[in-house]
Structure formats: structure tokens, C-alpha cells
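Working notes, structure below.
Computed from a prediction, not measured in an experiment: that's the story for all the values here.
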Amino acid sequence: MLNLNSLNPQQRAAVETIKGPVLILAGAGTGKTRVITTRIAHLVERGVPPGQILGVTFTNKAAREMLERVNQLVPKRRPADGEKPERPTICTFHSLCVRILRQHIERLGYKRNFVIYDESEQLGAIKKILSHISVKGEKADPAAVLALLSRFKNGGERAAVFGDPNVRALAEHVRKHYESALHACNAVDFDDLILLTLRLFREFPDALAACRAKYRYVMVDEYQDTNAAQFELVHALTREHRNLCVVGDDDQSIYGWRGAEIANLLDMEKHFPEVKVIKLEQNYRSTDTILKAANALIRHNARRRGKSLWSQHGAGEKITLFTFQDDEEEARTVVEEIEFARQARRVRWADQAILFRTNQQSRPLETALRQAGVRYHLVGGQSFFDRREIRDLLAYLKVCLNPHDDISLLRIANVPARGLSDVTMQRLLAASQERKGSVFSAMKNPLALTGFAARTRESVESFVQLLEDQRGRLLDAERAKDPHALQTWAGALLDDTGYFAELRRSEKDPEAAENRVRNLKELIATLDGDTAPGTRLTDRLERFLEDITLDSAREEEDENHGDAVTLITMHSCKGLEFPHVFIVGLEEGLLPHARSKAEGTLDEERRLFYVAITRAMRTLKISHCAARRKYGQLAPGHPSRFLKELPVELVEAADARASEPVSPEAGKDWFAAMRAALD
């Protein structure tokens, strides 16, 4: 029996309202994950079959955390003979769509074993297309084109006016070529997962009816971050039974630049007039001073659902405001504050974080931290799955499953070197485009090899045979019934291709080479994670690759970095909390960003500052500089307009050189004078 007595009245109301549409407005630090997981457990306790419950969130990390909590709350029911055990489905939007498409995608003209291109593979496809269609003399940024393609697909309200007009026109031109290229490789990208599911629902009503029957109770986390396509998907599933519970906070909507539509949350009543709105306002994270400052700031946004955070943690310390001459003085002083807290107050490095608006601001901070011998972790460093050797192995695995995956094949065709030069592969690529097929098909076609030197033809034929042999060995491994068959096969693959030998030979530093080999063996060791009886080897490999591609949260920042200061952008810090927070660079042009006026995103910039403030639990220190280096030159800086929106009585000014607050009276007068100057 669930004990709901530990919930506050608003949390309990959110848990116990199980029929019809519900909007839970969950402010920062108000325990929304606890509410979501308890609500799922309550649904099961009230007799809802677990298999009919769907929980959708944005990252695999969040989905795993929710699933673990639900498993603790919901006891596993012993199934009757012949009955499959049911558990609630908790996953990301993209994972949900993969589940649906694996069952039905053949109806849309794809094969069931489609591959999912990640960002680097998408960029590879865009670069190939641009090399053929770009106007001579012009250089298009593939990343900018890809970003616009994503916005076009997801239907963001500003997609039509976002970015450079020339890039927009080019992206429109590239779109059909890009979609055709992916389809030819039996590949889809992240955006396609949702768009193809929507197309499936439109063209095959029986598939939509089956999904509606399966998922009769739907919960969506971080609803303010949904884009137009995700909104349409949610409404397609819930339009009839209307058992939709969305959880979100319009004050934390900070991803408009990637298509998030805050209107999905603000206009909930337009689509569900009978919706019940429940506000969670009791914050369990921060002091009252921090929350009052955040509340005062966000009230300057006109279009929002009103809410006011409060806590029982007491007033706490005032917010400290530093003014520095330049960004180097800012970095030095912040590091001095961190070390003073560690040595005088025994505050761990891991309990302190530095937040900033742009990645470029980290350079002077990193320099100062290194000079002071302070351990730190920069969130957004290279992912384990972005390392060259890991991407090579994943490409080999993908090609063995689907040799028509052009991007993966082009990556490893000459890795290690086997006589397939860039020129050769470009000619094969052109031949494949002429024949509207894959590069692998061109390699197997004698007519496509006409005109190649005999030695080159031999290299192509040897590579085709290599792939055919490895695909055959994969099927042989399937028949061997060895629980570690995938590990054995993948290790032999890297030996047979000469990859291990080439890695040791080409790396100048033997230790670096062995590190790369260890990385590969570490990944190979995880291949046999799913050994359920009856699971085919190829299905297990397919699922393994799918999980890696979908799991965008599987970054190095998920690892335990021990006692280290966190450096993180404001966009990346959402969902995190730290006892002691420094927010640096509160200047016009940084926060709000220089683009915000032209793009009409000032309210979103204010929400970004609000998110940064509400990461702090006990102390908050903020700073701005009179000058900041840009391209090696000092450029004058002006205090952010957002500073004047913080209540005078909550902020104290500090003397950067003394590293101590000035007298309360002087600090209050100084802050008031600065606010007046900003007016």
C-alpha cells in the first residue's frame, strides 16, 4: 500500500487525480520526479494494468531514473502461466517511436532493420550532398544546414525566419536530396523517428488505434520543451481517451532555439478545456532569499502561468554581486572564493559550480583553476562514444548489420588502409548516386567498377568479400548458442580487419594506443548485455546500436568525477542542483545574448537566468565585468538589464579585491545606484 502522507497537499492532489487531462505546473525543485513516479505507482494500485501506462521524457538518463523509482514503488506481479509480465513503459519520445516503427515501418517502405543516424552521420550525409550541389565558390556550413533541416521537420514556429536567408534557401534545396539519401541507405535520423510515426498514424489508422489501445494513461515530463511534432504525437495518442497528464514549468522553457514551443503548455486549455491545473510551488532545494530573487526576476515575463516558489529552508545568505575590471580578474576571484570556501568552511569542490552563458567563457576560468591546482569538470567534454576508435567500431558493427549504410561504410572502407583511397570512394559514391543505390551495391556491380585500375578493383572486391565473410560469421555465431558470442565475434572482427594492429602501429604514444584498445574492449564487453532466451544475435546487436544512438545523455558528465568543481553552461545545467553556485558574465550581449533582440527571445533569456538562479541551494554569487576579451581584444561591457530586476534587499555588493562583502549600507546604496544607472 502506497503511503501518500509524506506528500504535500498539492503533490498528493497531482498523484490522486488519475482520470482526464491534468497539467502539473512543477516549479524548480518542487519534487516533480517523485510526483510522477508516485502517480504511476498509484495508477497501478488503483487497478490500471501496468502495460497501459506510458511515461515519456526527454533523456534516457531521466527515463532510467524514473523507471528505477517506479520499480521500487510497484511490486512485480507474478504472471499467470503463459502470460507475459507487464511493466509501465517509461522512455523518451524517440525510444517510443523506435518501438512503434520496428513493428510497422515496412508499411512505409523501409526495412525493419533500419539504422538511426546520429549527428555526426547526419553531417556526413549533408557534406556529401553539399559537395555536389553547392554553388561554386560558396562555402556552406553543414551544421547550420542540418540545424535548419531539423527545425523545418519539427515545425518550430520560428523555423521559417530562423537564421541566414541564404542558408534557409540552401536547406530547403538540400532537404529532398537528404531524405532520398537516407532512404536509400535504409536509414532515418532522430527527427524522422517522430515524423515517420506521425505519417504511420495518418496513413494506417489501425496502427494508431493499436497504440491508443495499448497506452491508455499517458504522462509527459518537461512538457514545456515539446516541439510541434512531439505535441502532435502526444495528442494523436490521447485525443480519444483524454487520460493525459503533462508535467512542466513554463518559467523553465529555454530551448526555443531548437524548436520547443512554450505555447504547448501555456495553451493547454485550447486542446483540453476540461484540464485540471495543479501548481507545485513548495521548493525543497533552495533558501528563501534565492527563491524570492528568482520569483521577482521571472515576474517581468508577461506571458506565463503565475506561480511563486517558497521554501522552509529559511532566508539564508544574501546573493553576492561582484563587479570586475575584466574576465581574468573575474576568473581569479571566483577561484579564490572557491578555495576560501574549501579551506575555511570545508566546502568540497564538488559542491561548487560555475555557470556561464556561452562555452567561450570557460577559457579564463579553466586557466585560473589550473593555476590554482583546483580539480574541475567541464560539462560537454568529449563523449566516450565520440572517440575515434569507438566510432570506427560502431561503424563496422552497423555495416555488418546493414551494408547499405553509406555513412558507416564510407567511414571504415579504408580503415585500416586497404587501397580504397578517398578518390576511389568518391567515384563509387558518384556511381551509386547515378544508379540510385547504395555504395555497397555499386561495389558489387561489375559495370560500376568499369574504368578502375585492376589493383583498385581487387581492393574493392576484397573489401566486399571481407564484409560478406563477417556477416556470415555473425550468422554462424548465432548458431553457436554461446552466451558471449557477440563479444567473441566483435573481437575477431577487429583482429581480422587488422584494426587492432593498425591502432598500435599508427599511434605514436604506445600508452595512448593501449588506452584506445582498452576503450574498444570496454565497449565490446557490453555487447552481450541482453542474453534473454530466444533473442536473436542480430536483434541484440541491433538493439545495442539503437540504445547507443538514442542515448544522448550517455556522456562523460554522467560519470563520477570525484571531488571537482563543475563548469557548465546555463542551458546544460537544467535539472541539476549545487549547494554553492557562481553565475559569471552578467552583461548585455552575453545575458541577454546579443541575438535576443533580433530574434525576439528576451523572455527566454530571462527564463535562462531564472533556471541558473534556481540551481543554487545555499549560496549564490553573481558577477559582471567592465571589459571582456573578445578575439584577443578587451571590449567594454555593460551590466545586464536583468540585474535591476533583482530586489535590492536580497543582494549585497562585494569588493572583489578584498574578496569580502562591503558594508551592508554601502552595498545597498551601490546596488541601488547601479540599478538606477541601468534605467
Side-chain angles (χ1 to χ4, degrees), residues 27-29 224-225 249-257 260 262 283 285-287 289-309 318-324 327 330 334 353-362 379 566-578 580-597 599-617 619-625 628 637-648 650-651 653 671 674-675 678-679:
Q224 77 281 348
D225 293 337
D249 180 8
D250 51 310
D251 291 336
Q252 296 187 74
S253 178
I254 59 173
Y255 299 122
W257 50 276
I262 191 173
N283 177 285
R285 173 189 297 158
S286 307
T287 65
T289 292
I290 291 168
L291 297 178
K292 283 180 178 177
N295 290 334
L297 171 80
I298 205 64
R299 285 192 196 106
H300 286 80
N301 276 4
R303 191 164 185 247
R304 60 182 289 266
R305 289 181 178 267
K307 86 179 79 64
S308 187
L309 299 180
K318 286 188 177 184
I319 297 168
T320 305
L321 173 65
F322 289 96
T323 300
F324 298 108
D327 49 352
E330 179 182 60
V334 167
I354 308 172
L355 279 52
F356 36 82
R357 175 64 176 83
T358 66
N359 281 305
Q360 287 81 1
Q361 291 170 256
S362 73
V379 173
T566 297
L567 271 63
I568 188 169
T569 66
M570 296 179 190
H571 278 105
S572 298
C573 74
K574 190 162 165 286
L576 303 177
E577 60 184 35
F578 306 94
H580 307 280
V581 168
F582 297 83
I583 304 176
V584 299
L586 281 164
E587 297 138 36
E588 290 291 308
L590 279 177
L591 191 72
H593 198 277
R595 293 193 305 264
S596 61
K597 186 175 181 180
E599 295 177 0
T601 55
L602 185 63
D603 281 1
E604 184 161 316
E605 291 291 300
R606 186 178 284 110
R607 292 194 291 268
L608 188 58
F609 187 27
Y610 172 87
V611 166
I613 290 173
T614 53
R615 299 312 95 196
M617 300 168 70
T619 69
L620 174 62
K621 298 182 179 182
I622 58 182
S623 64
H624 67 91
C625 298
R628 188 172 294 273
H638 303 282
S640 168
R641 69 190 72 185
F642 296 150
L643 288 172
K644 71 178 180 181
E645 298 173 0
L646 302 178
V648 173
L650 301 179
V651 181
F671 188 49
M674 188 199 71
R675 285 165 51 100
L678 284 169
D679 288 331

His571 meets the ring pair (Phe, Tyr, Trp, His ring centres under 6.0 Å) criterion, sequence neighbours left out, with Trp257
Checklist entry - So do Lys574 and Asp225 actually touch side chain to side chain, heavy atoms under 4.5 Å? => result yes
From the list Thr601, Leu602, Leu608, side-chain contact (heavy atoms from CB on, under 4.5 Å) partner of Pro592 resolves to Leu602
Heavy-atom closest pair (Gly585 atom, Leu590 atom, distance to 0.1 Å) is O-CB, 3.6 Å
Contacts of Asn301 meeting side chain to side chain contact (heavy atoms under 4.5 Å, CB included) (sequence neighbours excluded), chain-then-number -> Ile298, Arg304, Asp603, Arg606, Arg607
Practice prompt. Show the numbers, then the answer: is there a side chain to side chain contact (heavy atoms under 4.5 Å, CB included) between Glu588 and Ser640?
Written response: CA-CA 5 Å; Glu588 290 291 308; Ser640 168; 4.2 Å; yes
Do Val379 and Thr569 touch side chain to side chain, with heavy atoms closer than 4.5 Å? no
The reported gap from CZ in Phe356 to SG in Cys573 (rounded to nearest 0.5 angstrom) is 10.0 Å
Only residue of Ile290, Leu355, Ile583, Leu620 satisfying side-chain contact (heavy atoms from CB on, under 4.5 Å) with Arg615 is Leu355
Checking side-chain polar atoms at under 3.5 Å, does Ser623 have a donor or acceptor matched by the opposite partner on Glu330? yes
Q) Given Leu586 and Phe642, is the side chain to side chain contact (heavy atoms under 4.5 Å, CB included) satisfied, shown in steps? A) CA-CA 8 Å; Leu586 281 164; Phe642 296 150; 5.6 Å; no
Applying salt bridge (charged side-chain N to carboxylate O under 4.0 Å, His left out) to Lys621 and not counting sequence neighbours gives Glu337
Q: Apply side chain to side chain contact (heavy atoms under 4.5 Å, CB included) to Thr614 and Asn283, showing your working.
A: CA-CA 10 Å; Thr614 53; Asn283 177 285; 5.7 Å; no
Could you check if a side-chain atom of Leu646 sits within less than 4.5 angstrom of a side-chain atom of Leu321, using non-hydrogen atoms only?
no
Exercise. Could you tell me whether the side chain of Ile622 reaches within less than 4.5 Å of the side chain of Ile613, counting heavy atoms only?
Key: no
Rounded to the nearest 0.5 angstrom, the CZ-CZ distance for Phe609 and Arg641 is 13.0 Å
dist Asp250:CG -> Arg303:CZ (nearest 0.5 Å) comes out at 9.5 Å
